[in-house]
Protein chains: 2
Amino acid sequence: MNQIFKALSHPVRREILSLLRDGPMTSGELLEPFDMKWPSLTGHLNVLKSAGLVHAERYGTIIRYRLNTGAAEDALAAIMALLGSNSKQESKNDN
Amino acid sequence: MNQIFKALSHPVRREILSLLRDGPMTSGELLEPFDMKWPSLTGHLNVLKSAGLVHAERYGTIIRYRLNTGAAEDALAAIMALLGSNSKQESKNDN
DNA sequence: GCTATAATTAGTCATATTCCTAATTAGTGT
DNA sequence: ACACTAATTAGGAATATGACTAATTATAGC
């Protein structure tokens, strides 16, 4: 869970996930919108992969990255737990 | 948003938020469950405060920390946006 | 085997995070 | 003013992060 939030804490990585929302993309395609060199992107992709947020598949010479929504759902659940897990929390008991 | 996810990326800080879910606590009370010195806790509390996840109020010599659910809801919305949120991303009731 | 393309790993450096100890601030009471 | 308690800020060291250049791997085609 730690890794998931850490992965989400960098704007480039959130942008990558946002791009992948519209479908899988190769490393090269993902590189274009960003102003960084390829190894930096690879680093971010590795962080996302370690966190389970993306999944990589090789097709010949290219590698395609796909969003893994399951891990993101875990983060969602964690935040919802912090919020009281429902839309309202009235847990202001005596203290 | 960056700061919120960064704040959530440390287990101690998520635990602090979890503790505050049951009601506001002082810095001293928050210190007890953790195996760290006071300045470290203060550091974590400052990170949470900067992210807007907690709010501090001084009552005499003590300072009471309160969970601010609004910021957490922002993080929730951000993750839901990444997920594509099934069909919509503005609902807080529907789940 | 050689070359070209796609992408990664290795290594380095600057900056950020996270912990600690020591010193300081803020408020209450004498 | 002085002491006591609650909590913070200051400063420093170890580790993690994020960027780069250069070298390497992986695959396809000739």
Side-chain angles (χ1 to χ4, degrees), chain A residues 1-20 23-68 71 75 78 95, chain B residues 1-20 23-68 71 75 78 82:
Chain A
M1 183 59 59
N2 234 2
Q3 282 183 301
I4 296 180
F5 281 112
K6 217 149 216 168
L8 290 170
S9 76
H10 197 289
V12 165
R13 290 192 290 260
R14 286 202 305 281
E15 180 64 21
I16 290 171
L17 295 175
S18 182
L19 288 165
L20 293 179
M25 294 173 73
T26 65
S27 206
E29 287 167 347
L30 281 167
L31 184 60
E32 286 181 25
F34 295 105
D35 188 22
M36 53 170 38
K37 302 297 165 123
W38 214 330
S40 303
L41 176 66
T42 297
H44 285 303
L45 288 170
N46 280 338
V47 171
L48 290 169
K49 207 161 46 173
S50 298
L53 284 160
V54 305
H55 171 68
E57 303 154 2
R58 179 179 279 275
Y59 293 101
T61 102
I62 66 159
I63 296 174
R64 199 177 297 281
Y65 285 87
R66 180 194 308 271
L67 184 60
N68 179 15
N95 199 353
Chain B
M1 185 58 60
N2 233 1
Q3 282 182 302
I4 296 181
F5 282 112
K6 217 150 216 166
L8 290 171
S9 75
H10 197 290
V12 164
R13 289 192 291 260
R14 285 202 306 281
E15 180 64 20
I16 290 171
L17 294 175
S18 183
L19 288 164
L20 292 179
M25 293 173 74
T26 65
S27 206
E29 286 167 348
L30 281 167
L31 183 60
E32 286 182 26
F34 296 105
D35 189 23
M36 54 170 35
K37 302 296 167 138
W38 214 329
S40 303
L41 176 66
T42 297
H44 285 303
L45 288 171
N46 279 337
V47 171
L48 290 168
K49 205 162 49 175
S50 298
L53 285 160
V54 304
H55 171 68
E57 302 154 1
R58 180 180 276 275
Y59 294 101
T61 103
I62 67 159
I63 296 174
R64 199 178 296 281
Y65 285 87
R66 181 194 309 271
L67 184 60
N68 179 13
L82 289 178

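Chain identifiers are assigned alphabetically (A, B, ...) following the order of the sequence lines, protein sequences preceding nucleic acid strands; residue numbering begins at 1 within each chain.
- Phosphate proximity of dA6(D) to Thr26(B): absent, as no side-chain N or O sits under 4.0 Å from OP1 or OP2.
- OP1 and OP2 of dT27(D) both lie 4.0 Å or more from every side-chain N or O belonging to Thr61(A).
- The phosphate of dA28(D) has neither OP1 nor OP2 within less than 4.0 Å of any side-chain N or O from Tyr59(A).
- As judged by a 4.0 angstrom heavy-atom cut-off over every strand, Gly28(A) is placed among residues touching the sugar-phosphate backbone only.
- Here the OG1 atom belonging to Thr26(A) is positioned 8.0 Å from the CD atom belonging to Glu32(A), to the nearest 0.5 angstrom.
- Contact annotation for Phe34(B): no contact, since no heavy-atom pair falls under 4.0 Å across all strands.
- Closest contact between the side chain of Asn46(A) and the listed nucleotides dT9(C), dA28(D), dA26(C) involves dT9(C).
- Residue Arg64(A) is out of contact with every strand shown, counting any heavy-atom pair closer than 4.0 Å.
- Within 4.0 Å of Ser27(B), counting heavy atoms only, lie sugar-phosphate atoms of the nucleic acid but no base atom.
- Close to dA19(D), at under 4.0 Å from its OP1 or OP2, lies a side-chain N or O of His10(A).
- In this model, the phosphate group of dT18(C) is not approached by any side-chain N or O of Ser40(B) to a distance below 4.0 Å at OP1 or OP2.
- Between Pro11(A) and Asn2(B) there is a side-chain heavy-atom pair separated by less than 4.5 Å.
- Leu67(A) has its side chain out of reach of Leu82(B): every pair of non-hydrogen atoms, C-beta onward, lies at least 4.5 Å apart.
- One finds the CD atom of Glu29(A) at 10.0 Å from the CG atom of Leu20(A) (value rounded to the nearest 0.5 Å).
- Taking atom CG on Asn2(B) and atom C1' on dG18(D), their separation rounds to 13 Å, with Å as the unit.
- Computed from coordinates, the Trp38(A) CH2 to dT9(C) P distance equals 13 Å when rounded to whole Å.
- Between the C1' atom of dA7(D) and the NZ atom of Lys49(B) lies a distance of 10 Å, rounded to the nearest Å.
- Distance Ile63(B) CD1 to dT8(D) C1': 7 Å, rounded to the nearest Å.
- Residue-to-nucleotide proximity on DNA chain D shows that, of Gly60(A) and Arg13(A), the 5′-proximal contact is made by Arg13(A).
- Rounded to an integer number of Å, the gap from Lys6(A) NZ to dG18(D) C1' is 13 Å.
- Whole-Å rounding puts the Leu31(B) CG to dC19(C) C1' distance at 14 Å.
- Within the structure, a side-chain polar atom (N or O) of Lys37(A) is placed less than 4.0 Å from OP1 or OP2 of dT21(D).
- Put simply, CG on Leu48(B) is 16 Å from P on dA7(D), counting in whole angstrom units.
- Going from atom CG of Leu30(B) over to atom P of dA6(D) covers 14 Å, rounded to whole Å.
- A donor-acceptor contact closer than 3.5 angstrom is absent between the side chains of Arg66(B) and His55(B).
- The residue among Pro39(B) and Ile62(B) whose nearest nucleotide of DNA chain D is located toward the 5' end is Ile62(B).
- OP1 or OP2 of dA19(D) sits under 4.0 Å from a side-chain N or O of His44(A).
- At a threshold of 4.5 Å between non-hydrogen side-chain atoms, the residues Phe34(B) and His44(B) do not count as touching.
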